Amino acid sequence: MTYTPKSDFIRIMAERGFLADCTDLQGLDEALIKGVVPAYIGYDATAKSLHVGHLLNIMVLRWFQKTGHKPITLMGGGTTKVGDPSFRSEERPLLDAAAIDSNINGMQQVFAKYLAYGDGPNDAIMLNNAEWLDGLNYLDFLRDVGRHFSVNRMLSFESVKSRLDREQSLSFLEFNYMILQAYDFVEIYRRHGCLLQMGGSDQWGNIVNGIDLARRIADAEIFGLTTPLLTTSDGRKMGKSQGGAVWLNADMLSPYEFWQFWRNTTDADVGRFLKLYTELPVEDCDRLGALEGAEINAAKIILANEVTTLCHGFEAAQAAEATAREVFEKGGTGEELPTLTLSASELTDGISISQLFVRAGLAKSGKDAKRLIAEGGARANDIPVTDAGQMIQADDLSAPLKLTAGKKRHVLVTRD
């Protein structure tokens, strides 16, 4: 970046690797040094928890508040009813109002850990776009808002074009999404003086639409900023692990498993992830990321502790590290490990060890479990499992049984 930022926020975004694109970087930078700027990021309520893929933009909101500005978390109570088609190969399943409200409640728990909400000048606020979208009159909306959108231009956006190029269906319902998201920006500008929308780079087209619409119908000078879409150095999408999504809510993924996800970071990603997901000084991130051999493991533990402390608290991070040391260095079971508890009825006739690995989430199917066992990757109480048909009876669970898949994934199995 050739431009030298004046505001703390833009400087931090550039230094730490958060900045992908901005509609007017110099104009936004000038606005940020004049006073408190409100900015929002929108989140559709498609699950009961946010996951690690959302964490980069949550950290952006956190830095935005730490540098003196006002973050707005927009819950998509309205837009979730439509579904964002951006770069998806098929339409999202439609959720009813009760499911959307339940998901929003779960997501709110995450934001409260990273942002300070309140009534102060730079306290965060939480909005729900159902507040203005649910009551729209369709004909009035088409006349007042829809007329400003060119279908030709909408078809040119990469998120839509890629779907059509693959000859995959794009419903009229989904096609409306970008109009509704653009209208969100107008409403938040009118209601809260919001000058900036941020999001992942896949949202660029939607953000630009909102800026254009606000200029046309509200004569507003507003901005858009995007963050890079991250993949790990080995090409995996950020936020995914062998077991699925890495959730941020403790009731959907234990703090220990969350800690382990970060502890297992690839060597090449450590420095970059320290800058993006922790608040350690940039020079410390660079120093730790440059370590090699066995020393890089110490940096991974620092990364895991810092990220887990932000998400789950200091005590949870310390407990996870202690459990990891007990399990890996001392061969213990570790009280903080994920636990599967079987009822007496499930053990009446016993359960095969391969099915136990499936039930524990360490294998996706019986076939997957058998392959894991055949390849020598399955252990029970640190002893290799060789017989996929071995039956586990109630008496075998008089003490917790530790199942291990590979080197780093563990689950304790107990009985009622």
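As the structure is a prediction and not an experimental result, all values here were calculated from the model.
- Side-chain contact annotation: Glu321 with Asn305, donor-acceptor N/O pair under 3.5 Å present.
- We find that Glu283 and Arg287 are not joined by a salt bridge, their nearest charged nitrogen and carboxylate oxygen being 4.0 Å or further apart.
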Could you walk me through whether Glu15 and Arg11 satisfy the salt bridge (charged side-chain N to carboxylate O under 4.0 Å, His left out) test, starting with their C-alpha distance in whole Å, then the side-chain angles of each, then the deciding distance to 0.1 Å, before giving a yes or no? CA-CA 6 Å; Glu15 284 180 351; Arg11 177 182 55 78; 3.3 Å; yes
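- A 4.5 Å side-chain heavy-atom check between Ile125 and His192 finds at least one atom pair inside the cut-off.
- With rounding to the nearest 0.5 angstrom, the CG atom of Leu56 is 10.5 Å from the CG atom of Leu61.
- If you check the side chains of Tyr43 and Asn103, you find no donor sitting under 3.5 Å from an acceptor.
- Considering Asn249, Leu50, Leu248 as possible partners of Gln109, the one that fulfils the side-chain contact (heavy atoms from CB on, under 4.5 Å) test is Asn249.
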Intermediate values then yes/no, salt bridge (charged side-chain N to carboxylate O under 4.0 Å, His left out), Arg263 and Glu257: CA-CA 10 Å; Arg263 170 61 181 83; Glu257 290 173 288; over 6 Å; no
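- The pair Glu346-Arg359 counts as a salt bridge, with a side-chain nitrogen and a carboxylate oxygen less than 4.0 angstrom apart.
- Residues in residues 213-226 take part in no salt bridge (Lys or Arg N to Asp or Glu O under 4.0 Å) pair, two or more places apart or across chains.
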Before giving the answer on side chain to side chain donor-acceptor pair (under 3.5 Å), spell out for Asp29 and Tyr3 the whole-Å C-alpha distance, their side-chain angles and the decisive distance to 0.1 Å. CA-CA 10 Å; Asp29 198 31; Tyr3 174 72; 2.7 Å; yes
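- Gln181 and Gln203 are linked by a side-chain donor-acceptor pair at a separation below 3.5 angstrom, with hydrogens and angles left out of the test.
- For residues 283-303, the set of pairs meeting the ring-ring contact (aromatic ring centres under 6.0 Å, His included) definition, not counting sequence neighbours, is empty.
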Let's go through Tyr256 and Thr308 carefully: what are the C-alpha distance in whole Å and the side-chain angles of both, what is the deciding distance for side chain to side chain donor-acceptor pair (under 3.5 Å) to 0.1 Å, and is it a yes or a no? CA-CA 9 Å; Tyr256 173 79; Thr308 305; over 6 Å; no
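- Residues Val145 and Leu142 have side chains not in contact (no heavy-atom distance under 4.5 Å, counting atoms from C-beta outward).
- Applying the salt bridge (Lys or Arg N to Asp or Glu O under 4.0 Å) rule to Asp267 yields the partners Lys300; only residues at least two apart in sequence or on another chain are considered.
- The distance between the ring centers of Phe141 and Tyr183 falls below 6.0 angstrom.
- Looking only at side-chain heavy atoms (C-beta outward), His69 and Gln65 stay at 4.5 Å or farther from each other.
- Surrounding NZ of Lys367 are at most 12 heavy atoms belonging to other residues, nucleotides or ligands under 6.0 Å away.
- Using a 4.0 Å cut-off between charged nitrogen and carboxylate oxygen, Asp251 and Lys48 do not count as a salt-bridge pair.
- Between the side chains of Thr232 and Asp269, no donor-acceptor pair is found at a separation under 3.5 Å.
- Taking CG of Asp184 as the start and CD1 of Ile188 as the end, the distance is 5.5 Å to the nearest 0.5 Å.
- For Phe258 and Trp247, the distance between ring centers is not under 6.0 angstrom.
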Given Asp96 and Lys81, is the salt bridge (charged side-chain N to carboxylate O under 4.0 Å, His left out) satisfied, shown in steps? CA-CA 7 Å; Asp96 61 25; Lys81 296 170 185 174; over 6 Å; no
